[in-house]
Visitor: 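My questions all concern the structure below.
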Amino acid sequence: MTAADTLNEIHAVLLSRLEADPESSYAASLFNKGLDAILKKVGEEATETVMAAKDGDADKIIYEIADLWFHTMVLLAQQGLEPQQVLDELARRMGTSGIEEKRQRKK
């Protein structure tokens, strides 16, 4: 299974939770609480990722990044976006200097 396959499977599960009973699933409870709750979780997970990296514990870093990726995928689903769109954007940036890519965004 490729990384894209895994992301697409998670996305499909998340889509099935959009209208699910909030008592039946964590993702459904986040969708039910709305955008602010989802954004709060993304922020919390980003902070926990930073703290894990500062601690230098590889297992903790992986765990926290998995949480961060999951919550950003909840955000994508809530916004009607798909993981493939992010993968396409990353692919578009391949071969472009990060400095050059940033310059292009400012135009």
Side-chain angles (χ1 to χ4, degrees):
M1 178 178 285
T2 68
D5 292 337
T6 301
L7 294 175
N8 288 330
E9 281 192 28
I10 294 167
H11 185 68
V13 170
L14 290 172
L15 291 178
S16 76
R17 302 297 198 269
L18 278 169
E19 302 298 324
D21 178 2
E23 299 292 322
S24 70
S25 129
Y26 172 70
S29 72
L30 281 176
F31 290 134
N32 185 62
K33 291 175 186 172
L35 181 60
D36 286 346
I38 295 167
L39 295 174
K40 182 178 178 187
K41 285 304 296 180
V42 170
E44 287 173 12
E45 298 305 339
T47 299
E48 289 172 7
T49 298
V50 169
M51 293 177 356
K54 293 290 273 181
D55 291 343
D57 180 337
D59 289 338
K60 200 171 177 183
I61 293 167
I62 291 166
Y63 182 87
E64 295 302 342
I65 288 176
D67 280 352
L68 178 59
W69 286 12
F70 175 80
H71 288 89
T72 58
M73 290 189 65
V74 169
L75 176 60
L76 286 173
Q78 192 269 346
Q79 293 289 303
L81 302 170
E82 297 193 18
Q84 189 60 52
Q85 292 171 273
V86 177
L87 295 173
D88 291 346
E89 176 60 17
L90 289 170
R92 184 191 69 77
R93 294 180 187 187
M94 288 296 296
T96 302
S97 155
I99 294 169
E100 180 58 29
E101 193 277 330
K102 196 170 187 178
R103 241 186 251 130
Q104 290 174 4
R105 278 190 275 153
K106 290 183 180 182
K107 292 179 182 178

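All residue numbers in this chain count up from 1 along the given sequence.
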Visitor: Any chain of hydrophobic side-chain contacts (each under 4.5 Å) joining L87 to I10?
Guide: yes
Visitor: If you compare all heavy atoms of F31 against all heavy atoms of I38, which two are closest, and at what distance to 0.1 Å?
Guide: CD2-CD1, 4.1 Å
Visitor: Looking at every non-hydrogen atom in both residues, tell me the closest pair between M73 and L7 and how far apart they are.
Guide: CE-O, 3.1 Å
Visitor: Find out whether E45 and T72 are in side-chain contact, i.e. whether some heavy atom of one side chain is under 4.5 Å from a heavy atom of the other.
Guide: no
Visitor: In terms of heavy-atom contacts, does CG of D36 have more than 12 from other residues, nucleotides or ligands at under 6.0 Å?
Guide: no
Visitor: NZ/K33 to NZ/K40 distance, rounded to the nearest 0.5 angstrom?
Guide: 8.5 Å
Visitor: Do you know the tightest heavy-atom contact between V42 and L68?
Guide: O-CD1, 3.7 Å
Visitor: Find out whether K41 and V74 are in side-chain contact, i.e. whether some heavy atom of one side chain is under 4.5 Å from a heavy atom of the other.
Guide: no
Visitor: Identify the two heavy atoms, one from E89 and one from R93, that lie closest to each other, and give their separation to 0.1 Å.
Guide: OE2-NE, 2.9 Å
Visitor: Take atom OH of Y26 as the centre, draw a 6.0 Å sphere, and report whether it contains more than 12 heavy atoms from other residues, nucleotides or ligands.
Guide: yes
Visitor: Could you report the tightest heavy-atom contact between A77 and L14, atom names first, then the distance?
Guide: CB-CB, 4.1 Å
Visitor: Do L75 and L18 land in one hydrophobic cluster if side-chain heavy atoms of ILVMFWY residues count as linked below 4.5 Å?
Guide: yes
Visitor: Are there more than 12 heavy atoms of other residues, nucleotides or ligands under 6.0 Å from atom CD of E23?
Guide: no
Visitor: For the residue pair L30 and A37, what are the closest heavy atoms and their distance?
Guide: CD2-O, 4.3 Å
Visitor: Establish whether V86 and L81 are linked, either directly or via other cluster members, by ILVMFWY side-chain heavy-atom contacts under 4.5 Å.
Guide: yes
Visitor: Taking atom CD as the centre, does Q79 end up with more than 12 heavy-atom neighbours from other residues, nucleotides or ligands that are less than 6.0 angstrom away?
Guide: yes
Visitor: Quick one, H11 and L15 - any side-chain contact, counting heavy atoms below 4.5 Å?
Guide: yes
Visitor: Check whether Q85 reaches the backbone of E82 with its side chain - one donor and one acceptor, N or O, closer than 3.5 Å.
Guide: yes
Visitor: Using a 3.5 Å distance criterion without hydrogens, assess whether the side chain of N32 forms a donor-acceptor pair with backbone atoms of A28.
Guide: no
Visitor: Is any side-chain heavy atom of E44 less than 4.5 Å from a side-chain heavy atom of H71?
Guide: no
Visitor: OG1 of T49 to CH2 of W69: how many Å apart, nearest 0.5 Å?
Guide: 10.5 Å
